[in-house]
Number of protein chains: 2
Amino acid sequence: MNGDRDRELIQSDETLFAIIDALKQSDGVGVSQVASAVGVSKSTAHRHLSTLLKHQYVVRTASGYRLGLRFLDLGGHVREQYPSFADVEPKVTELAETTGELAQFIAPEHGKGIFVFRRTGEKAVRTEARVGKRVFLHHTAAGKATLAAMSDETVSEIIDRWGLPAKTDATTTDRDALFSELNLIRDRGFAIDADEHLTGLWSVGCPVMATDDRVLGGISVAGPRHRMKDAGIESALPELLQAIASEIELNITYR
Amino acid sequence: MNGDRDRELIQSDETLFAIIDALKQSDGVGVSQVASAVGVSKSTAHRHLSTLLKHQYVVRTASGYRLGLRFLDLGGHVREQYPSFADVEPKVTELAETTGELAQFIAPEHGKGIFVFRRTGEKAVRTEARVGKRVFLHHTAAGKATLAAMSDETVSEIIDRWGLPAKTDATTTDRDALFSELNLIRDRGFAIDADEHLTGLWSVGCPVMATDDRVLGGISVAGPRHRMKDAGIESALPELLQAIASEIELNITYR
DNA sequence: TTCACTGTTCCGTCTTGCGGAACAAATTAA
DNA sequence: TTAATTTGTTCCGCAAGACGGAACAGTGAA
C-alpha cells in the first residue's frame with residue numbers, strides 16, 4: 001500500500017493499537033465486530049485479542065471483549081513515575097477544598113494537555129472531563145498557562161502539529177491573537193479562560209515549574225461564571241493559585 | 001522454541017508487551033538497554049519504540065524513553081466504562097471521611113484484585129499501594145470478602161492459577177483454612193485482615209454485589225491495629241461498611 | 001428442525017518482522 | 001584537540017510468522 005517509509009514501524013503493533021482503540025470506542029464487542037471495525041480478518045483479530053487476553057490487557061465478558069483494569073495499573077504507574085507529581089496531588093486537593101470549586105492539574109505531552117489530577121470541591125460543577133483526558137492546550141486556562149511558560153518556538157511547533165481548533169465561540173483560534181495572549185499571561189503570571197472550553201464555565205490557571213526551569217504543567221480552578229467573578233477571578237483567585245504553585249515548586253525543590 | 005501452540009498468538013505483540021514492561025520497570029531507558037532487557041536486537045526494539053512513539057504511548061526525554069500519560073487516559077477510560085464504579089467512588093470518599101482512615105475499593109479481574117478507588121482520611125496511614133496495583137485476593141480484607149462472594153469452584157480456579165503465597169507471617173496460605181475462613185465471612189458478612197497484608201495494618205472489608213448477583217468487588221477500611229480495635233473492628237466498622245455497601249447496591253439498582 | 005450468526009482452528013502464501021552490519025551521532029577518554 | 005566507545009538510526013537479505021480465507025464448531029432465534 002504505502003510502501004516506502006513504514007519500514008521503521010511495525011504493522012502488527014499498529015493493528016494492535018487499532019484494536020485497543022476499537023475496544024475503547026465501544027465496550028463489549030466480539031471478534032467479528034472488532035475485525036470489521038479495524039479492517040482485518042477475523043483470524044487476525046482473534047489472534048491479537050488472544051494475545052491481549054493472555055497478558056491480561058483485556059477481559060472477556062458475556063457481551064464480548066473489553067479493555068481490562070491492567071490499564072489502570074499502567075496509568076497509575078505512569079502518574080507515579082513523575083516524581084514531582086506526588087507534590088502536586090495534595091495541593092490540588094487543598095485548592096478544591098479551599099475554593100469549593102473544581103481544581104485540576106494539566107501536564108503537557110506531545111503538544112496536548114492531559115488531566116493528571118482532578119478534585120471537586122463542595123459546590124463544584126460536574127464536567128465530563130476525567131483523569132487522562134487529552135485536550136488542546138489552548139482550550140483551558142491551565143493549558144494556556146502551560147503554553148505561556150514555553151518558548152515561542154515550542155508553541156509554534158505545537159500549533160503546527162495540532163492547529164487551533166475552536167471548542168466554543170470564545171476559543172482563541174487565531175495564531176497571532178494567541179501569541180499576544182500568551183505574552184499577557186507571561187506578564188501577569190496567570191491565564192483566564194472565559195467560556196473558551198465550555199460555555200458558562202470560567203477558570204483561572206497558572207503554570208507550575210520544575211527545577212530545571214521547564215514547565216511541569218498548569219494548575220487551575222474552574223466554576224460557573226458568576227461564582228468565579230464573585231470569587232475574584234482577576235485578583236484573589238490568581239493570588240491563591242500562584243501561592244499554591246509556589247508551594248508546589250518549593251516542595252519539589254527541597255524534597 | 002516452544003513451537004506448537006503459539007500459532008494462536010502474535011509474537012510481535014508479545015515483544016511489544018515485553019518492551020512496555022521493561023519501560024515500566026525502569027523509567028528513562030534507551031534503545032540499547034531496552035533491546036538487551038527484552039532480548040531482541042536493537043533494530044527490533046527501535047522499530048517497536050518508534051511505533052509506540054508515533055501513537056503517543058511513550059515519550060522521549062533526555063534520559064530515554066518512558067511510558068506516556070496516554071496510559072492514564074486508557075486507565076481512566078477503563079474505570080469509567082464499568083458503569084457501576086461511578087456509584088462506588090463517592091462512597092469510598094464518604095467512608096474515608098467518616099472514619100478518617102484509608103478506604104479502598106478492590107475489583108477482581110483475572111483472579112487478582114485491583115485497587116480501583118483509594119481515599120485517605122485525616123489520620124490515614126500511608127501505604128505503598130496505588131490505584132491500579134494488583135494484589136492477591138487472599139491478602140486483603142476486601143479481597144477475601146470478594147472471594148467469599150464467589151462460588152467455591154471459582155475460588156478453586158483462582159487458587160489453582162495463582163496459588164496462595166504469603167505476604168506476611170499472618171497470611172492464610174492453606175487452602176482448607178482459606179475455605180473455612182470464607183465460610184465464616186459468608187456467615188457474618190464481612191472479612192477481617194489482621195497483619196495479613198502488612199504487619200501492623202488491620203482492615204475490615206465487605207463485598208459489593210452487582211445487579212446480576214455477581215460480585216463487583218470489595219470495599220474496605222484499613223488502619224493501624226490499635227485504632228482499628230478502638231473503632232470496633234468486629235462490630236461498629238463492619239456495620240458501617242455493610243451500610244455503605246447496601247447504599248452502593250441500591251444506587252446501582254435504581255440508577 | 002433450519003438458518004444465521006458467532007468464535008475457533010487449520011493451512012498455504014508471501015508479507016514483513018527479524019538480526020546483523022554499516023552508518024551516524026553523541027559522549028567519554030586520553 | 002583526537003581517539004575510542006557507546007549510543008541511535010538506516011539498510012538489506014532471509015525465513016519466520018502474520019495474514020486472509022475456508023472449514024469447523026457452538027449458540028441463539030425463528
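Protein chains get the first letters and strands the later ones, always in sequence-line order, with residue 1 at the start of each.
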Using whole Å, report how far [atom1] of [X] lies from [atom2] of [N].
{"X": "A:Glu14", "N": "D:dC19", "atom1": "CD", "atom2": "C1'", "result": "16 Å"}
{"X": "B:Lys42", "N": "D:dC12", "atom1": "NZ", "atom2": "P", "result": "18 Å"}
{"X": "A:Leu49", "N": "C:dT6", "atom1": "CG", "atom2": "P", "result": "14 Å"}
{"X": "A:His46", "N": "D:dA25", "atom1": "NE2", "atom2": "P", "result": "15 Å"}
{"X": "B:Glu8", "N": "D:dC24", "atom1": "CD", "atom2": "P", "result": "18 Å"}
{"X": "B:Ile10", "N": "C:dG17", "atom1": "CD1", "atom2": "P", "result": "10 Å"}
{"X": "A:Gln33", "N": "C:dC5", "atom1": "CD", "atom2": "C1'", "result": "11 Å"}
{"X": "B:Leu9", "N": "D:dA18", "atom1": "CG", "atom2": "P", "result": "9 Å"}

Categorize B:Ser12 for me: base, sugar-phosphate, or nothing, with a 4.0 angstrom heavy-atom threshold over every strand shown. sugar-phosphate
Less than 4.0 angstrom between a side-chain N/O of [X] and OP1 or OP2 of [N], yes or no?
{"X": "A:Ser32", "N": "C:dC5", "answer": "no"}
{"X": "A:His48", "N": "D:dC19", "answer": "yes"}
{"X": "A:Arg47", "N": "C:dC10", "answer": "no"}

Check for me whether B:Lys167 meets the cation-pi criterion with B:Phe136, that is, NZ or CZ under 6.0 Å from the six-membered ring centre and within 45 degrees of the ring axis. no
Distance under 6.0 Å and angle within 45° of ring axis: B:Arg79 vs A:Phe71: no
Sorted by position of nearest nucleotide on DNA chain C, 5' first, the leading residue of A:Ser50 and A:Asp13 is A:Ser50
If you find the nucleotide of DNA chain C closest to B:Ser43 and the one closest to A:Ser43, which residue's nucleotide is nearer the 5' end? A:Ser43
Side chains of B:Val116 and B:Val131 in contact at under 4.5 Å (non-hydrogen atoms): no
Determine whether the aromatic ring centres of residues A:Phe115 and A:Phe105 are separated by less than 6.0 angstrom. no
Using a strict 4.0 Å threshold on nitrogen-to-oxygen distance, state whether B:Asp152 and B:Arg186 make a salt bridge. yes
